[in-house]
Protein chains: 2
Amino acid sequence: MEKGYCPIDTFINFVKGKRKATIILHLKQGTKRYKELIQLLPDISDRMLSKNLKELEEAGIINRKAYAVIPPKVEYSLTDLGDEISPILKSMFKGGRLFEKQIEE
Amino acid sequence: MEKGYCPIDTFINFVKGKRKATIILHLKQGTKRYKELIQLLPDISDRMLSKNLKELEEAGIINRKAYAVIPPKVEYSLTDLGDEISPILKSMFKGGRLFEKQIEE
DNA sequence: CTGGATCCGCCACGATACTG
DNA sequence: CAGTATCGTGGCGGATCCAG
């Protein structure tokens, strides 16, 4: 992941893609299928969801489990690493609300 | 800041710009001048630093204090809001190290 | 149902040069 | 010293079509 940057930048690079963080929080609620995620994220395209899921998988944040059945069935869930970082996302969630609040003023 | 997204995305949008987060952490250490920041962030361009500083100022995260002297002197410091979110950045810092660790393996 | 492949527009970012 | 102006570039993200 690039050069000897600040770890914060590393973190952001893993999480910034479109709605990656939001995906993680949804998976924190439990295992989800592809279609369920699409419905939970109404403003994301197929292409972006699959791309983000693949990147999250490569980053070791989520597990991908495909069943060899017809029609296809794929389940996504958090890895241990995903569990470790989810509290950080939670605090970012709270932090984001601080900003939203001040925008209204 | 776009639509009714998840607050996490709001947070990321405020902080993602190249090395904005790193700037905040440096200012957490105390008031800094423009030139000091440039030296602390060796891989950032003038244009990016001034742009990020301006955005952070508009976001209410930092204060900009210019002195009408020659040569010019400008000091940057964190606002209360900047103080509030800095612990979140700290935890992102720790989270980033988790990723870096696993990259090596 | 779960994606991959392709094309394309837009914006963040980089490098350089210039100003009060 | 502390920026702004300008130009060029790469990659993110959207839309659409196709495949197993």
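Reminder, nothing fancy here: chain letters follow the sequence lines and each chain counts from 1.
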Rounded to whole angstrom units, what separation is found between the [atom1] atom of [X] and the [atom2] atom of [N]?
X	N	atom1	atom2	answer
B:Lys51	C:dT16	NZ	C1'	18 Å
A:Ile38	D:dA15	CD1	P	12 Å
B:Leu49	C:dC13	CG	P	13 Å
B:Asn13	C:dC11	CG	P	14 Å
B:Glu36	D:dG3	CD	P	13 Å
A:Asp46	D:dG14	CG	P	12 Å
A:Lys16	C:dC11	NZ	C1'	13 Å
A:Glu57	C:dG3	CD	C1'	13 Å

Checklist entry - What do the steps show when you test A:Glu75 against A:Tyr67 for side chain to side chain donor-acceptor pair (under 3.5 Å), and what is the final call? => result CA-CA 8 Å; A:Glu75 289 180 342; A:Tyr67 298 86; 3.0 Å; yes

Next on the checklist: Let's go through B:Glu57 and B:Asn63 carefully: what are the C-alpha distance in whole Å and the side-chain angles of both, what is the deciding distance for side-chain contact (heavy atoms from CB on, under 4.5 Å) to 0.1 Å, and is it a yes or a no?
Outcome noted: CA-CA 6 Å; B:Glu57 187 193 357; B:Asn63 288 313; over 6 Å; no

Item to check | Strand contacts (DNA chain D) in residues 61-72 of chain B, 4.0 angstrom heavy-atom criterion | outcome: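 Contacting residues: B:Arg64, B:Pro71, B:Pro72.
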
Phosphate-side-chain proximity, [X] and [N], N/O vs OP1/OP2 below 4.0 Å:
X	N	answer
A:Arg33	C:dT2	yes
B:Ser50	D:dT4	yes
B:Tyr76	D:dG3	yes
A:Lys35	C:dG3	no

Checklist entry - Do B:Lys51 and B:Glu55 meet the salt-bridge criterion of a basic N to acidic O distance under 4.0 Å? => result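 The answer is yes: the pair qualifies as a salt bridge.
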
Item to check | Over all atoms of both residues, closest heavy-atom pair of B:Leu27 and B:Tyr76 | outcome: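 Here B:Leu27 and B:Tyr76 meet closest at CD2-O, 3.5 Å.
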
Next on the checklist: Quick check: any donor-acceptor pair below 3.5 Å linking the side-chain of B:Arg47 to the base of D:dG3?
Outcome noted: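 When only heavy-atom distances are counted, B:Arg47 does not reach the base of D:dG3 through any donor-acceptor pair under 3.5 Å.
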
Next on the checklist: Would you say that B:Cys6 contacts B:Asp9 through its side chain, given a criterion of any heavy-atom pair below 4.5 Å between the two side chains?
Outcome noted: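 Yes, at least one pair of side-chain atoms sits under 4.5 Å.
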
Checklist entry - Do B:Thr31 and B:Leu78 come close enough that some side-chain heavy atom pair is under 4.5 Å? => result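 No. Closest side-chain heavy atoms not under 4.5 Å.
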
Checklist entry - How far apart are the C-alpha atoms of B:Phe11 and B:Lys16, what are their side-chain angles, what is the distance that settles it, and do they pass the side-chain contact (heavy atoms from CB on, under 4.5 Å) test? => result CA-CA 8 Å; B:Phe11 187 88; B:Lys16 70 157 174 269; over 6 Å; no

Checklist entry - How is A:Lys20 classified with respect to the nucleic acid when contacts are heavy atoms under 4.0 Å: base, sugar-phosphate, or nothing? => result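 A:Lys20: no heavy atom of the nucleic acid under 4.0 Å.
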
